[in-house]
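Indexing begins at 1, ligand by ligand and atom by atom, following the structure's order.
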Amino acid sequence: MISSLHRPTRALIDLGAICDNIETVKANIPEGKKAFAVVKANAYGHGAKKVAQAVHHLVDGFCVSNVDEALELREAGIEETILILGVIMPNEVALARDYDITLTVASQEWLDLANEQDISLKGVNVHLKVDSGMGRIGVRSLEEAESLMANLKKAGANVEGIFTHFATADEADNTKFNEQLAFFTNIVNNLSEKPALVHASNSATSIWHSETIFNIVRLGIVMYGLNPSGTDIALPYPIKPALSLESALVHVKTIPAGATVGYGATYTAQKEEYIATVPIGYADGWTRDLQGFSVLVNGQFCEIVGRVSMDQITIRLPEKFPIGTKVTLIGQEGDKAISATDLAQKCGTINYEVLCLLSDRIPRFYSK
Ligand SMILES: *Cc1c(COP(=O)(O)O)cnc(C)c1O
């Protein structure tokens, strides 16, 4: 998909903020831990290539979700470890090996399939995934972990790591977190041979459970400057959102009392009003449930009135502003700010989803 460059709508990515956020987390965890930057889904919409190139000196490796995301980083010159967090199909193993990509292996059934298909794992770096309670992928007992590890070694794989993922590290109630931690710790401590790399910490775990880090943190949302819990738990230290989204007014008019705006005529002016149009819509990931949310114009909140269209939104201005006036959709203007977390609250979702939905139509511009 081609970014729409000749349009005032754009995302600005502060690479310096991403670096600062990594350093902040690292300063607040025990010394000597490794950090992997999670850059799946195009670095949560920030641009995987640019982010990886900007942070690679601060981290020991990268996490992605599939082979293509891994290849994109290799093609961008990234030489650090790249771990695919998801399960790839066995027929993609050779490609991954050619690019020195580290794989997650989550079941004996997967290894059996690879063996049936005569797919060699010789020399492939793998991390064994333990399902300690997330319920997605991974082995679910010490016995399974032990035998899968032995069979992987027999197949010639280099079992470099073992890891798990927490389902509730971003919640105030630690009951489930502690159960998962105990389950994983028990497996790690009782394996006949412990892999060199043991990891369990996503952003939330790195922030609120830093005493439980094994030897790597996998930093996702916190790198991008957002609170993994949304607004549920306060952050112990400040981080800075790296992405802002801006556009400009392309049309400004007055409408009389009683006139309606947008598809479905869902908004009716109560009096004579200034209505402006901004070139962003649901095709950009600015979803329809943002009707009624606000954007910043000239340092003031202006409500989105009427339906969000595919390519345009309409906002109510307090006074007339000229065409070309800047609109901040995510970011700061003076003492006011709109965050991806604010959008998420309006839409009943999480800041992660807001960022990931910002489509390729929006060009990303970078600052250091
Ligand atoms: C996405 C992901 C992460 C990063 O999660 P954040 O909450 O963004 O830090 C870490 N580990 C796994 C297995 C993941 O899938």
Side-chain angles (χ1 to χ4, degrees), residues 18 21-22 24-26 28-29 33-46 48 51-52 55 58-67 69-70 73 81-88 101-107 126-139 161-171 176-177 180-181 184 197-210 212-233 235-237 239 241-243 339-341 344 349-357:
I18 297 178
N21 293 333
I22 294 174
T24 301
V25 177
K26 281 170 63 172
N28 286 281
I29 61 174
K33 307 295 181 190
K34 289 182 194 288
F36 278 21
V38 182
V39 294
K40 61 194 181 191
N42 202 25
Y44 297 37
H46 294 66
V51 169
V55 308
L58 294 173
V59 300
D60 304 282
F62 292 90
C63 298
V64 296
S65 74
N66 61 49
V67 178
E69 291 180 351
L73 296 187
T81 297
I82 301 174
L83 169 64
I84 296 178
L85 296 168
V87 178
I88 73 165
I101 308 300
T102 305
L103 303 182
T104 291
V105 176
S107 68
V126 304
H127 289 210
L128 189 73
K129 181 72 188 277
V130 174
D131 178 8
S132 58
M134 175 66 125
R136 292 194 308 203
I137 58 170
V139 297
I162 184 165
F163 74 110
T164 195
H165 193 46
F166 292 113
T168 61
D170 58 349
E171 293 179 12
K176 168 97 183 170
F177 178 87
Q180 285 195 252
L181 180 62
F184 182 61
L197 301 175
V198 181
H199 50 112
S201 304
N202 57 357
S203 296
T205 310
S206 309
I207 296 169
W208 293 299
H209 302 274
S210 63
T212 67
I213 295 163
F214 292 86
N215 49 30
I216 310 179
V217 290
R218 305 187 300 265
L219 304 179
I221 197 80
V222 70
M223 271 204 321
Y224 308 107
L226 292 168
N227 183 331
S229 80
T231 56
D232 288 352
I233 319 179
L235 291 168
Y237 40 78
I239 51 175
L243 180 143
S339 71
T341 304
T349 182
I350 54 175
N351 47 30
Y352 298 70
E353 189 178 35
V354 168
L355 293 174
C356 288
L357 286 185

**Prompt:** Which ligand 1 atoms, with their elements, are less than 4.0 angstrom from a heavy-atom of R136?
**Reply:** 15 (O)
**Request:** Go through the steps for Y224 and L219 under the test side-chain contact (heavy atoms from CB on, under 4.5 Å), then give the verdict.
**Result:** CA-CA 9 Å; Y224 308 107; L219 304 179; over 6 Å; no
**Prompt:** Relative to the heavy atoms of N202, which atoms of ligand 1 are at a distance of less than 4.0 Å?
**Reply:** 5 (O), 9 (O), 10 (C)
**Message:** Working to the nearest 0.5 angstrom, can you tell me the gap between L83 CG and C63 SG?
**Reply:** 5.0 Å
**Request:** Spell out, as yes or no, whether a donor-acceptor pair under 3.5 Å connects the side chain of D131 to the backbone of G133.
**Result:** yes
**Message:** How far is atom 5 (O) of ligand 1 from the closest protein heavy atom, and which atom is that?
**Reply:** Y44 OH, 3.6 Å
**Prompt:** Under 3.5 Å, is there a donor-acceptor pair between the N21 and T24 side chains?
**Reply:** no
**Asked** Hey, what's the ring geometry for H127 with H199, parallel, tilted or perpendicular (30° and 60° as the breaks)?
**Response** perpendicular
**Asked** What residue and heavy atom of the protein are closest to atom 9 (O) of ligand 1, and at what distance?
**Response** S203 OG, 2.5 Å
**Message:** Between ligand 1 and I221, is the shortest N or O to N or O distance under 3.5 Å?
**Reply:** yes
**Request:** Can you pull out the closest protein heavy atom to atom 7 (O) of ligand 1? Residue, atom name and distance to 0.1 Å, please.
**Result:** Y352 OH, 2.6 Å
**Request:** Give me the one residue out of V222, I221, I239 that meets side-chain contact (heavy atoms from CB on, under 4.5 Å) with I207.
**Result:** V222
**Message:** Judged on heavy-atom distance to atom 14 (C) of ligand 1, which of K40, M223, K129, M134 sits nearest?
**Reply:** K40
**Request:** Could you establish whether H199 and ligand 1 come within less than 4.0 Å of each other, counting only heavy atoms on the residue side?
**Result:** no
**Message:** I need the L226 CG to L243 CG distance, nearest 0.5 Å.
**Reply:** 8.5 Å
**Gap separating the CG atom of L181 from the OG atom of S132, nearest 0.5 angstrom** = 8.5 Å
**Asked** Among protein heavy atoms, which lies nearest atom 11 (N) of ligand 1, and at what distance?
**Response** R218 NE, 2.8 Å
**Complete:** atom 12 (C) of ligand 1: closest protein heavy atom, distance to 0.1 Å, is H165 CE1, 3.3 Å
**Message:** Taking distance alone, with N or O pairs closer than 3.5 Å, would you say L85 contacts ligand 1?
**Reply:** no
